[in-house]
Amino acid sequence: MLQLVNIRSNRDEIIASLKKRNIDAEALIDEVIALDEKRRSTQQVLDQNLNESKKLASEIGMLFKQGKQEEAQAAKSKTSDLKVVTQELDGVLKETESKLNTILSSIPNAPHSSVPAGKSSEDNETIRTWGDASDAPHHTPHWDLTSKYKLIDFETGVKITGAGFPIYTGRGAKLQRALIQFFIDEADSAGYTEVIPPLLINEASGFGTGQLPDKDGQMYYANEDNLFLIPTAEVPITNMYRDMIVDEADLPIKNVGYTPCFRREAGSYGKDVRGLNRLHQFDKVEIVQLETPERSYQTLENMVAHVEGLLRKLGLPYRVLRLCGGDMGFTSALTYDLEVYSAGQGRWLEVSSVSNFETYQANRMKLRVKRKDGKKEMAHTLNGSALALPRIVAALLENNFDGEKINIPAVLVPYTKFETIS
RNA sequence: GGAGAGUUGGCAGAGUGGUCGAAUGCACUAGUCUUGAAAACUAGCGUGCCGCAAGGUACCGAGAGUUCGAAUCUCUCACUCUCCGCCA
C-alpha cells in the first residue's frame, strides 16, 4: 500500500506517477485524503470522550471505596450519555478506517520516475542486449527436442494431473536439478542465505506481498484449510519478515529460495502455452532482499547484474527491459524483465522479473527498519527470479542443438555429469 | 482425529474486576567507578494512532460480550504444548 504520509504530502506527484499506469487516480486519492482527515478528526473527539469516561470510572471507583454509595450511583448515571456518544464515534472511526484501507489497498504502487509511460509490453524499454540472437544453427522448437530425447513427458502429465504439469524424465530431470543447484550455488556465492519455505501460505501472507485480495484467482486454493499454493517463493520468503522491526545494521537481508511455483493461468492459450512456455507448476529460484530506502535502487541494479551473470555463464543471448507503467505488476515501483532468445521459436522468452517494491509491500506487512538514531521507517523490499526454470530449459535446448545433439554449457557439466544429450 | 494445559513487553515470568502499559529477573543502551575490562551502582529501555508540543488514546493471541470500569469474568475462533491414535 502507498503510505498515507506520502499521499498527504505528495498528492500531485502520486497522481501524475499513476498516470503512467494509465490510471486516473485523482478521485481515489482525494477520497483517501478526505477519509484520512475524517479519521483523524474523529479520533480526536473520540479520544477526548474516552478520556472523560476513564476519569469518571476511576472517580466512581474511589467513591465506592470510600463507601459513598449514593454519590457513586449518581456518577454512574452520568456515564451513560457519554457511552452512547463514544460507541457512535467508535463505529464511525472503524468504518472510516475500513473504507480507507479498502481503497488504499486497491491502489497500485506509484511507478518510479524512470518508468516509461505505456500501455503494454510493446512500450517496454530495451536497456541492453547481450549475445547474438541469430547465430543458432538450427531452429527446432524445444517440444520437438524434449520428445526426441525423452526429456519431458507432457502427455503423462496430462493424464495424472492435467495440461501444464509436465513430467521431467531421465536427463531432463537431471538437467532440471543441475540448473537449480547451479543457481543456488551462484546466489550463495553472492551472499544470499538459502531458505526452503512452505509451499502453502495463509491469507495474511497473500495480502502482505500483494497477491490478495485481488489476484486470488491466480492462485490454487486449498479450501478446507484456507491456504493458497504459492505462485512464487517471493510470498513466503518476504513474509518471513512480516510484522518485524529489523535493525538497520542487519540490512541488507538477502535470501534465496528454490521452490516449485503454482499458477492457474486462467485464460491463457495458443503458442504462449505450448511446451514449456507457460505451465501451471514450474520450478524457480528466487532472490529476495530487504534494504534501506537510500540503497534499494543500487541493490536493484546489483540484482539485475546477478541475473545477467547467470545468463552469461549459461551462454544464453538475452535482453534487459525496463517495463512500462502499463506492463508493470501491481505492487512494483520499477521492474526489469530479462528475456532470453529462443532460437527454436524465434522469439524472446521472459525468464526473470526483478523489482523494487519500495515501501509498498513493507507497508502492507508492517516491515520496518530501526535506524541508527532509533527512528523507525518502512523498509524497502526487492525480489527477482534467478531464475525461472522452464523457459531457461527451453532456450538451452534450442540454442545448443547442433542438429545431432544438444551441448550442455560447460558451467553445468559438473552438475549434470553429462556433456551432451544425444 | 481424541483428551488435557496454555497464549502477558526481546526473552523468562508475576498479575483473577479499579490508581496495570503492566511487578521482578535477564538481555540491551547511556552514565558513574576503573589504567582498561569485569563486577557493582544510577538512569533509560514495547508498538500503533492523534497532536507543533504538552499530552491524549489504543494494544496483555484474535474477535464479540458483561460492567461505571476488563490483562483479570463470559462466548466464539486461531495458534502452541503434553499424552493417545495415525503416519513420511
Side-chain angles (χ1 to χ4, degrees), chain A residues 1-9 32-105 196 198-208 212 221-228 236 239-251 253 260 359 361-379:
Chain A
M1 288 190 292
L2 295 172
Q3 294 186 89
L4 275 172
V5 275
N6 284 344
I7 293 179
R8 266 183 235 153
S9 54
V32 165
I33 291 172
L35 283 167
D36 180 46
E37 268 162 22
K38 186 178 179 188
R39 169 187 137 259
R40 287 190 286 163
S41 60
T42 306
Q43 191 182 336
Q44 274 180 34
V45 185
L46 174 63
D47 280 359
Q48 282 166 17
N49 276 326
L50 286 168
N51 185 229
E52 275 180 54
S53 304
K54 265 177 105 167
K55 280 187 192 151
L56 274 174
S58 69
E59 273 171 33
I60 293 169
M62 295 293 262
L63 291 172
F64 272 125
K65 241 181 197 168
Q66 293 162 7
K68 297 177 180 168
Q69 299 293 333
E70 280 179 27
E71 287 179 52
Q73 290 301 337
K76 262 196 194 182
S77 61
K78 277 204 292 184
T79 62
S80 58
D81 285 352
L82 203 55
K83 208 175 168 182
V84 172
V85 179
T86 303
Q87 269 175 359
E88 207 171 288
L89 284 168
D90 192 52
V92 172
L93 182 66
K94 278 187 175 151
E95 199 193 321
T96 309
E97 280 179 338
S98 143
K99 266 192 209 163
L100 183 59
N101 277 327
T102 304
I103 295 174
L104 212 49
S105 59
I196 302 180
L199 305 182
L200 285 98
I201 48 120
N202 57 28
E203 254 181 288
S205 296
F207 181 80
L212 294 175
Y221 177 54
N223 182 51
E224 286 279 296
D225 302 287
N226 195 26
L227 297 172
F228 299 84
N239 272 285
M240 295 196 305
Y241 304 95
R242 172 153 47 85
D243 290 320
M244 280 181 64
I245 300 174
V246 298
D247 267 334
E248 180 177 354
D250 294 332
L251 297 183
I253 290 174
T359 61
Q361 293 182 327
N363 192 30
R364 284 180 160 240
M365 65 173 87
K366 312 254 178 298
L367 162 57
R368 284 160 292 168
V369 202
K370 189 176 189 175
R371 309 307 299 240
K372 290 196 187 90
D373 63 7
K375 287 195 180 135
K376 291 153 206 87
E377 61 181 300
M378 294 298 168

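Side chains included, hydrogens not; waters and symmetry mates left out as well; all remaining heavy atoms used.
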Checklist outcome for this item: Residues passing the salt bridge (Lys or Arg N to Asp or Glu O under 4.0 Å) test with A:R40, sequence neighbours excluded, are A:D36
Checklist entry - Given atom NZ of A:K372 and atom P of B:A30, what is their separation to the nearest angstrom? => result 15 Å
Item to check | Set of residues satisfying side chain to side chain contact (heavy atoms under 4.5 Å, CB included) with respect to A:N6, sequence neighbours excluded | outcome: A:Q3, A:N10, A:I14
Mind listing the N/O atom pairs, protein and nucleotides 47-52 of chain B, below 3.5 Å?
unit_1 : atom_1 : unit_2 : atom_2 : d
B:U47  : OP1    : A:K376 : NZ     : 3.0
B:U47  : O3'    : A:R368 : NH1    : 2.8
B:G48  : OP1    : A:R368 : NH1    : 2.3
B:C49  : O3'    : A:R39  : NH2    : 2.3
B:C49  : O2'    : A:Q43  : OE1    : 2.2
B:C49  : O2'    : A:Q43  : NE2    : 3.4
B:C49  : O2     : A:Q43  : NE2    : 2.8
B:C50  : OP1    : A:R8   : NH2    : 3.3
B:C50  : OP1    : A:R39  : NH1    : 3.4
B:C50  : OP1    : A:R39  : NH2    : 2.6
B:C50  : O2'    : A:Q44  : NE2    : 3.2
B:G51  : OP1    : A:R40  : NH1    : 3.1

Checklist entry - Quick one: side chain to side chain donor-acceptor pair (under 3.5 Å) partners of A:D225, sequence neighbours excluded? => result none
Checklist entry - Within the structure, does a side-chain N or O atom of A:N51 lie under 4.0 Å from either OP1 or OP2 of B:G56? => result no
Checklist entry - What pairs of residues pass the salt bridge (charged side-chain N to carboxylate O under 4.0 Å, His left out) test when at least one of them lies in residues 46-59 of chain A, not counting sequence neighbours? => result none
Checklist entry - Using purine N1 to pyrimidine N3 plus N6-O4 or O6-N4 for Watson-Crick, or N1-O2 and O6-N3 for G-U wobble, both under 3.5 Å, which nucleotide pairs with B:A54? => result none
Checklist entry - For A:R242 and A:S205, which heavy atoms make the closest approach, and how far apart are they? => result NH2-OG, 2.8 Å
Checklist entry - When the distance from CE of A:M244 to P of B:G10 is rounded to whole Å, what number comes out? => result 11 Å
Next on the checklist: Suppose we define a pair by two distances each less than 3.5 Å, Watson-Crick or G-U wobble; what does B:G1 pair with here?
Outcome noted: B:C84
Checklist outcome for this item: Closest non-hydrogen atoms of A:I245 and A:K376, given as atom of the first, atom of the second and distance, are CD1-CD, 4.2 Å
Checklist entry - For atom P, what is the distance between B:A64 and B:G56, given to the nearest Å? => result 26 Å
Checklist entry - If we take the P atom in both B:A78 and B:A71, what is their distance in whole Å? => result 24 Å
Checklist entry - Looking only at atom P, what distance separates B:G25 and B:U34, rounded to whole Å? => result 26 Å
Item to check | Qualifying residues under side chain to side chain contact (heavy atoms under 4.5 Å, CB included), relative to A:D247, sequence neighbours excluded | outcome: A:D250, A:K370
Checklist entry - Taking any strand in view, what nucleotide pairs with B:A70 in a Watson-Crick or G-U wobble way, both distances under 3.5 Å? => result none
Next on the checklist: What does the B/S/- profile of nucleotides 62-70 of chain B look like, 5' to 3', with a 4.0 Å heavy-atom cutoff to protein?
Outcome noted: --S---BS-
Checklist entry - Short question: side chain of A:R371, backbone of A:E248 - any donor-acceptor pair under 3.5 Å? => result no
Next on the checklist: On a heavy-atom basis, which atom in A:M378 and which in A:N363 lie closest, and how many Å separate them?
Outcome noted: CE-OD1, 3.3 Å
Checklist entry - Taking atom P in both B:A23 and B:G46, what distance in whole Å separates the two? => result 11 Å
Item to check | Pairing partner of B:A40 (Watson-Crick or G-U wobble, both distances under 3.5 Å) | outcome: B:U32
Item to check | Distance between P atoms of B:A70 and B:G17 (Å, rounded) | outcome: 14 Å
Checklist outcome for this item: Hits for side chain to side chain donor-acceptor pair (under 3.5 Å) against A:Q87, two or more places apart or cross-chain, chain-then-number order -> none
Output one line per pair: protein atom, nucleotide atom from nucleotides 74-81 of chain B, and distance, for all N/O pairs under 3.5 Å.
none

Item to check | Those residues that, when tested against A:E37, pass side chain to side chain donor-acceptor pair (under 3.5 Å) (two or more places apart) | outcome: none
Item to check | Protein-nucleotide distance (A:K55, atom NZ; B:G55, atom P), rounded to Å | outcome: 14 Å
Checklist entry - Can you tell me the Watson-Crick or wobble partner of B:C59, both distances under 3.5 angstrom? => result B:G46
Checklist entry - Between B:C75 and B:U82, how far is it from one C1' atom to the other, in whole Å? => result 26 Å
Checklist outcome for this item: Sorted by chain and number, sequence neighbours left out, side chain to side chain contact (heavy atoms under 4.5 Å, CB included) with A:E97 holds for A:R39, A:L93
Next on the checklist: Going by purine N1 to pyrimidine N3 plus the second Watson-Crick contact, or the G-U wobble pair, all under 3.5 Å, which nucleotide sits opposite B:A23?
Outcome noted: none
Checklist entry - Which whole number of Å gives the distance between the C1' atom of B:U80 and that of B:C26? => result 24 Å
Item to check | With sequence neighbours excluded, residues passing side chain to side chain contact (heavy atoms under 4.5 Å, CB included) with A:A34 | outcome: none
Next on the checklist: Taking any heavy-atom pair under 4.0 Å as a contact, classify A:K54: base, sugar-phosphate, or nothing.
Outcome noted: sugar-phosphate
Checklist entry - Say you pick atom C1' in B:C68 and the same atom in B:C79; how far apart are they, in whole Å? => result 35 Å
Item to check | B:C79 - base-pair partner by Watson-Crick or wobble geometry, distances under 3.5 Å | outcome: B:G6
Checklist outcome for this item: In whole angstroms, the gap separating P of B:C59 from CG of A:L93 amounts to 13 Å
